[in-house]
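Keep in mind that what you see is a predicted model, and the values were worked out from it rather than measured. If you read the sequence from its start, that first residue is 1, and numbering goes on from there. All ligand and atom numbering here is 1-based and tracks the order in the structure.
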Amino acid sequence: MKKSNSKTNLKKRWKLGVSEWNTENFHIDKDGDFVVSENNHRYNLHDLIKKYGSPLEVVFPTIIRKRVRSLIELFNAYITIAGYKGKFSYHYPMKVNQNKEFVLPIVGAGANLEVGSYNELWLIKRLWESEKVNPKLRVLCNGPKAEQYIGLIAEMRKKGLDVIPIVEDEGELEQLSAYKWDIGIRVDLDVKADTRWDKKNDRFGLLESRILDLPKTKNFKILHYHIGSQINSGKSILTTAARAFKIYAELSRKHPHLDTIDMGGGLGIPYEKKKFYTAKPVIRQIIKLFKKLAEKEKVKEPNIIVEWGRYVAAPAQVTLYKVIAEKPIPHASAKAWYVIDGSFMNDLLDTWAIHQKWHVVPVNNAGAALTPVWLAGSSCDSDDKYTAGNYVLAPKIKAHDHQFLAFLDSGAYQDALASHHCLLSSPAKILAEDGQITIARKRETPDMVGKLFGWTNN
Ligand SMILES: *Cc1c(COP(=O)(O)O)cnc(C)c1O
C-alpha cells in the first residue's frame, strides 16, 4: 500500500510529468491530490474545486505562452541551423479557442492571427482599436467571404492592419481581383492525410488543376492549404507538405509575387497519453524538406506559415467534475456508472460528436484502489456518456467520500461548440497565473441560462 502511494509511482500510474504527453507540469502530491506547477508556483486542483466549486475549467496562460514561444523558437532554430532563407511566422487560428483569456496571451507570445469569419475579424478590429496591438500584427482571413466580411477586410486594411484574405473559391477570386491587396489562395490538395477529417471531396479551396491553370496574378502571395486537424502521424504532415511544395514550385514560376507556403493546421495532441509524434522532429524535417525541394526545383526557399492552434490551446486547460452518483452495472466491462455534475454533450462535446478520447485523472484520492467505470453526464440524454471505448479507471469511492475527476487537454474547440442541453449551466472558468486565481466565467445562474433562450423579464 505504502509503495503504490509513492509520488513517483502515482505519477507513472496517471502518466503525469511527461513532456511528450504535455503533462510535464502535472503532479500528484503526498495526499493524492492533483497539483499543477507553474515554475515555482503550485496550484492544488482539489483546493481550487473546494473554493470555486464544480464543474470547473482551469486555464493556465503560462502553458499557452510557453507553447507559442517554443513553436516559434523551434522553427527559427532549425531555419538558422539549415541556413534556410525563408522566414517563419506563426498564425493562431482563432476558431480553436476565441476566448480572450486564450487570444491575448497567444498574441503576447508573438503569434499572428488567422480568422475564419466576419465576427472573429470584428473582435480583432476591437483589439486593434484599443491600440494595444503591434501595428505589424498580420491577420489571415479564411472562410467564405460574404460582402460584409470583405467590407471589414477593406476597412481594416485602410486603417493600416495587415490583413490578407485567403481565396476559397472562384467567386472570391473574381471579387478580390478588384483590389490590389496581397492575397493567398487555398488549394485543395489531392493527397490523403492521416486524420478523421481527410475527406475525398474536400469543399475548401481550388482544385490543384485549377490553381495551376490560373493566369498570372500579380498579388498572389501565399499558397495556403489545410488538410485537416489532429493529423495522427508526423509522416502524413510531411507527405502533404511535399505535395504542396510541388504546386508552389510550379506556381512560383508564373506568379512573381508568390513567396509563402501556409501549411494550415494539423499538428496533433497526444490526448490518449500513448506513443505519438512530437513537434520538434516534425519541424526539423519540414525545414529540411523545403530546403531540399527548393534546390531540386530551383525556386526560392519560401516563407513558412503554420496555423497549428489545437497544439497550442488544448493542453492549457483542464475540466474538472464531481462524481455525484454511483450506479452498479451488472453485466459489462465496467463495474459502475459514475455520474458527473456536468455534461459531456455540453462541455466536452467532442466525446459525443467525434468519439474523442481524453485522459482522465483523479483530482483527489489518486492513490486509492481503482475500479473500471463508465462516466455519465447530468443531462437526461442517454448519449451523454463517456466510456473511452471500454472503460475508464477511477478511484473506488468510499461511503460519504467525495470524488473529483480531471479531463486533460480540454482547451481546444470545446468552448465555442459548447451548448446548453437540458439547460445545464456551463462550467465556471478560472485562470491560474502567477500564483493567483482570476475568474474568467462565473457560474451561470438559472436566470443567465434562461436569458440565452429568450426568458427575459419583460
Ligand atoms: C481549423 C483550422 C485550423 C486549425 O487547425 P488545428 O490543427 O485544429 O489547430 C487552421 N487553419 C485553418 C484554415 C482551419 O480551418
| task | Go through the steps to decide whether Tyr321 and Phe407 satisfy the test ring-ring contact (aromatic ring centres under 6.0 Å, His included), and finish with yes or no. | result | CA-CA 8 Å; Tyr321 296 108; Phe407 282 71; 5.8 Å; yes

Assess Lys159 against Trp128: is NZ or CZ under 6.0 Å from the centre of the six-membered ring, and within 45 degrees of the ring's axis?
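Output no; distance or angle outside limits.
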
Does NZ or CZ of Arg310 come closer than 6.0 Å to the centre of the six-membered ring of Tyr413, within 45° of the ring's axis?
->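 The answer is no; the distance or angle limit is not met.
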
Provide the number and element of each atom of ligand 1 under 4.0 Å from a heavy atom of [X].
X	value
Gly265	5 (O), 7 (O), 10 (C), 11 (N)
Tyr413	1 (C), 4 (C), 5 (O), 6 (P), 8 (O)
Gly309	9 (O)

Distance from [atom] to nearest protein heavy atom, with residue and atom:
atom	result
atom 2 (C) of ligand 1	Lys95 NZ, 2.3 Å
atom 6 (P) of ligand 1	Ser229 OG, 3.4 Å
atom 7 (O) of ligand 1	Gly266 N, 2.6 Å

* To do: Check whether more than 12 heavy atoms from other residues, nucleotides or ligands sit under 6.0 Å from atom NZ of Lys12, and answer yes or no.
  =>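 Check fails, neighbour count at 12 or below.
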
- Is the backbone N or O of Gly116 less than 3.5 Å from a side-chain atom of Glu120, with the two atoms forming a donor-acceptor pair by type?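 Yes: the side chain of Glu120 pairs with the backbone of Gly116.
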
_I'd like to know if the side chain of Lys385 and the backbone of Val339 have a donor-acceptor N/O pair within less than 3.5 Å._
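Not at all, since once roles are kept as given, no pair shorter than 3.5 Å links the two residues.
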
_For Trp308, which part has a heavy atom under 4.0 Å from ligand 1: side chain, backbone, both, or neither?_
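Near ligand 1, Trp308 shows its backbone, while the atoms from C-beta on stay back.
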
Between Glu307, Glu114, Arg310, flag the one that comes closest to atom 11 (N) of ligand 1 by a heavy atom.
->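 Of the listed residues, Glu307 has the closest heavy atom.
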
Looking only at distances, please establish whether an N/O atom of ligand 1 is found under 3.5 Å from an N/O atom of [X].
X	answer
Pro93	no
His224	no
Gln230	no

query = Can the ring centres of Tyr271 and Trp358 be said to be less than 6.0 Å apart?
reply =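 Ring-ring flag for Tyr271/Trp358: true, centres closer than 6.0 Å.
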
Would you say the rings of Phe26 and Phe34 are close, in the sense that their centroids are separated by under 6.0 Å?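 Yes.
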
When you look at Phe75 and Trp308, which way does the ring-ring contact (aromatic ring centres under 6.0 Å, His included) test go after all the steps?
CA-CA 13 Å; Phe75 267 100; Trp308 294 339; 5.7 Å; yes

So is Phe204 touching ligand 1 or not, going by heavy atoms under 4.0 Å?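 Checking ligand 1 against Phe204, which is what was asked, there is no heavy-atom contact under 4.0 Å.
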
Review point. For ligand 1, is there an atom lying under 4.0 Å from some heavy atom of Gly116?
Key: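 Distance cut 4.0 Å: Gly116 fails for ligand 1.
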
